[in-house]
Amino acid sequence: MSESVRLEDKVVIITGAGGGLGRSHALLFAKHGAKVLVNDLGGSAQGEGASASAADRVVAQIREAGGIAEANHDSVTDGAKIVQNALDVFGRVDVVVNNAGILRDKTFHKMEDADWDLVYQVHVEGAYKVTRAAWPHLRDQGYGRVIFTASTSGIYGNFGQSNYGMAKLGLYGLTRTLAIEGRKNNILVNAIAPTGGTRMTEGLIPPQVFEQLKPELVSPLVVYLGSEQCEETAGLFEVGGGWIGKVRWERSLGAGFDPRQGFSPEEVAAHWQQICDFEGAAHPQDNIEALKEMMQNLQKYAL
Ligand SMILES: NC(=O)c1ccc[n+]([C@@H]2O[C@H](COP(=O)([O-])OP(=O)(O)OC[C@H]3O[C@@H](n4cnc5c(N)ncnc54)[C@H](O)[C@@H]3O)[C@@H](O)[C@H]2O)c1
């Protein structure tokens, strides 16, 4: 048995924790001893309206079970207020779980600016605002764990979700850079791409599968990533239905051309199979590793 995951002295902010996956994360973090700021605006799945009751209900449930939690009803787009609230009631912040989300699904030819903007604002700007406000505190204390909620719709694409896919994979881009910038201050940053039966996926997933995709099957990964035991950073994990897997970039070794001569579109066409051949592919971990094959090509033709 591994050492138990305890978070007694840790303060965790979970956005969008009034229902669905966030609620499940909040309950599990509290069960493991964390003090939890349960944030939720309490609007509809499309981002309309607001209500305090969602967050309040989760806080009541945590307290009934003997846990410690406070409610916050701000929008993630007011991230500084959420972080200030955690500092006011708990005196610190250690873990940020960026989970709040909405859907405004439309095929791209029907996409309106309002749908594009609102999805961007909640997922990307909201996660930015909350994390940006927490960041100096995490740096100063030399400790932090940040989790972003991406989606397979961003990783692989999904019909009718151009706005959502853009936002969700954008969060993984943010994860990669914050992991690099946070490392020296012991701030570890990871992303999850969950699948869970929530109001967001109700009607989209067949009912019998929906029942099995319990949000509780996502939260153990999130609590682990939010714990001191976790040493992972810059990771992306697909999780759901009792299964967890790690995602990484893969790039073909590619085709090289003489950079002194340049090359034609016809030569690109002639080498297409080689460009797309994943035999022996590279798995670059960072920008430097990603440049390896290009630099080798330059060296090959250097005078
Ligand atoms: N359920 C899935 O299968 C699935 C798949 C991929 C990604 N996700 C992501 O997981 C996260 C949780 O989704 P869920 O399935 O639990 O859906 P959900 O609708 O049950 O939960 C989202 C919560 O975020 C809150 N919220 C929305 N806008 C907010 C704002 N501006 N400020 C604060 N809170 C706000 C909502 O009130 C809601 O309680 C989302 O980011 C979603 O995109 C879910």
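Model, not experiment: these values are computed from the prediction. Both counts, for ligands and for their atoms, begin at 1 and track the order of listing.
- Below 3.5 Å of separation, one finds an N or O of Leu21 facing an N or O of ligand 1.
- Under a 4.0 Å criterion applied to the non-hydrogen atoms of Thr201, ligand 1 contributes the atoms 1 (N), 2 (C), 3 (O).
- Under a 4.0 Å heavy-atom criterion, Gly196 is in contact with ligand 1.
- When the shell of 6.0 Å around CD of Glu231 is examined, it contains 12 or fewer heavy atoms from other residues, nucleotides or ligands.
- Set against the non-hydrogen atoms of Ile102, the atoms of ligand 1 under 4.0 Å away are 27 (C), 28 (N).
- A cation-pi contact links Lys10 to Tyr143, judged by a cut-off of 6.0 Å to the six-membered ring centre and 45° from its axis.
- Annotation for ligand 1: atoms under 4.0 Å from non-hydrogen atoms of His123 are 41 (O), 43 (O).
- The side-chain heavy atoms of Ile192 and Val218, taken from C-beta on, include a pair separated by under 4.5 Å.
- Of the inter-residue distances, the one linking Leu27 atom CG with Glu216 atom CD reads 8.0 Å to the nearest 0.5 angstrom.
- For the atom pair CD1 of Ile147 and CZ of Phe237, the computed distance is 10.5 Å after rounding to the nearest 0.5 Å.
- Interface of Gly20 with ligand 1, defined as ligand atoms under 4.0 Å from a residue heavy atom, comprises 16 (O), 20 (O).
- Put simply, no part of Gly47 is less than 4.0 Å from ligand 1, judged by heavy atoms.
- In terms of polar-atom proximity, defined here as any N/O pair under 3.5 Å, Thr198 does make such a contact with ligand 1.
- Geometrically, ligand 1 and Thr195 share no nitrogen or oxygen pair separated by less than 3.5 Å.
- Under 4.0 angstrom from ligand 1, there are no non-hydrogen atoms of Arg23.
- Taking 4.0 Å as the cut-off, Ala45 does not count as a neighbour of ligand 1 on heavy-atom distance.
- Contact annotation: Ala150 has at least one heavy atom less than 4.0 Å from an atom of ligand 1.
- Atom 34 (N) of ligand 1 has as its closest protein heavy atom Leu41 N, 3.3 Å.
- For atom 22 (C) of ligand 1, the closest non-hydrogen atom of the protein is Gly101 O, 3.6 Å.
- Regarding atom 23 (C) of ligand 1, its nearest protein heavy-atom neighbour is Gly16 O, 3.4 Å.
- At a 3.5 angstrom cut-off on N or O pairs, Asp40 counts as close to ligand 1.
- Those atoms of ligand 1 with a heavy atom of Ser151 less than 4.0 angstrom away are 6 (C), 7 (C).
- Within the 4.5 Å cutoff, no side-chain heavy atoms of Leu213 are placed close to those of Thr198.
- Between the side chain of Thr15 and the backbone N or O of Ala100, at least one donor-acceptor pair lies under 3.5 Å.
- A donor and an acceptor atom, one from each side chain of Ser153 and Gln161, are located under 3.5 Å apart.
- Close to ligand 1: Val122, with a non-hydrogen atom less than 4.0 angstrom away.
- The closest approach between a heavy atom of Ala54 and any atom of ligand 1 is not below 4.0 Å.
- Residues Met111 and Ser162 form a side-chain contact, since some pair of their non-hydrogen atoms from C-beta on lies under 4.5 Å apart.
- Atoms of ligand 1 found under 4.0 Å from any heavy atom of Gly42 (numbered from 1 in listed order, with element): 37 (O).
- With hydrogens left out, the protein atom closest to atom 7 (C) of ligand 1 is Tyr164 OH, 3.1 Å, a heavy atom.
- Near Thr149, the atoms of ligand 1 lying under 4.0 angstrom from a non-hydrogen atom of the residue are 9 (C), 10 (O), 11 (C), 41 (O).
- Leu253 places none of its side-chain heavy atoms less than 4.5 Å from the side chain of Phe278.
- Any N or O atom pair closer than 3.5 Å counts here, and Val76 shares at least one such pair with ligand 1.
- For the atom pair CG (Asp113) and CG (Asn163), the distance works out to 11.5 Å, reported to the nearest 0.5 Å.
- For the 3.5 Å distance criterion, the side chains of Glu232 and Asn190 fail to qualify, holding no donor opposite an acceptor.
- Counting only N and O atoms by type, the side chains of Arg6 and Gln229 include no donor and acceptor under 3.5 Å apart.
- At a 4.0 Å heavy-atom cut-off, ligand 1 touches Asn39 through the side chain alone.
- In the vicinity of Ser75, heavy-atom distances shorter than 4.0 Å reach the ligand 1 atoms 30 (C), 31 (N), 32 (N).
- In this structure, the side chains of Leu225 and Val146 stay at 4.5 Å or more apart for every pair of heavy atoms.
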Test side-chain hydrogen bond (donor to acceptor under 3.5 Å, both in side chains) applied to Glu293 and Asn297, step by step
CA-CA 6 Å; Glu293 279 73 23; Asn297 193 58; over 6 Å; no
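- If you look at His271 and Phe257, their ring centroids are closer than 6.0 Å.
- Atom 4 (C) of ligand 1 has Pro194 O, 3.6 Å as its closest protein atom, hydrogens excluded (heavy atom only).
- Taking 4.0 Å as the cut-off, Asn99 counts as a neighbour of ligand 1 on heavy-atom distance.
- The protein atom (non-hydrogen) at minimum distance from atom 19 (O) of ligand 1 is Arg199 NE, 2.8 Å.
- The nearest protein atom to atom 26 (N) of ligand 1, hydrogens excluded, is given as Ala100 CB, 3.9 Å; this is a heavy-atom distance.
- Using a 4.5 Å heavy-atom cutoff, the side chains of Met166 and Trp116 are in contact.
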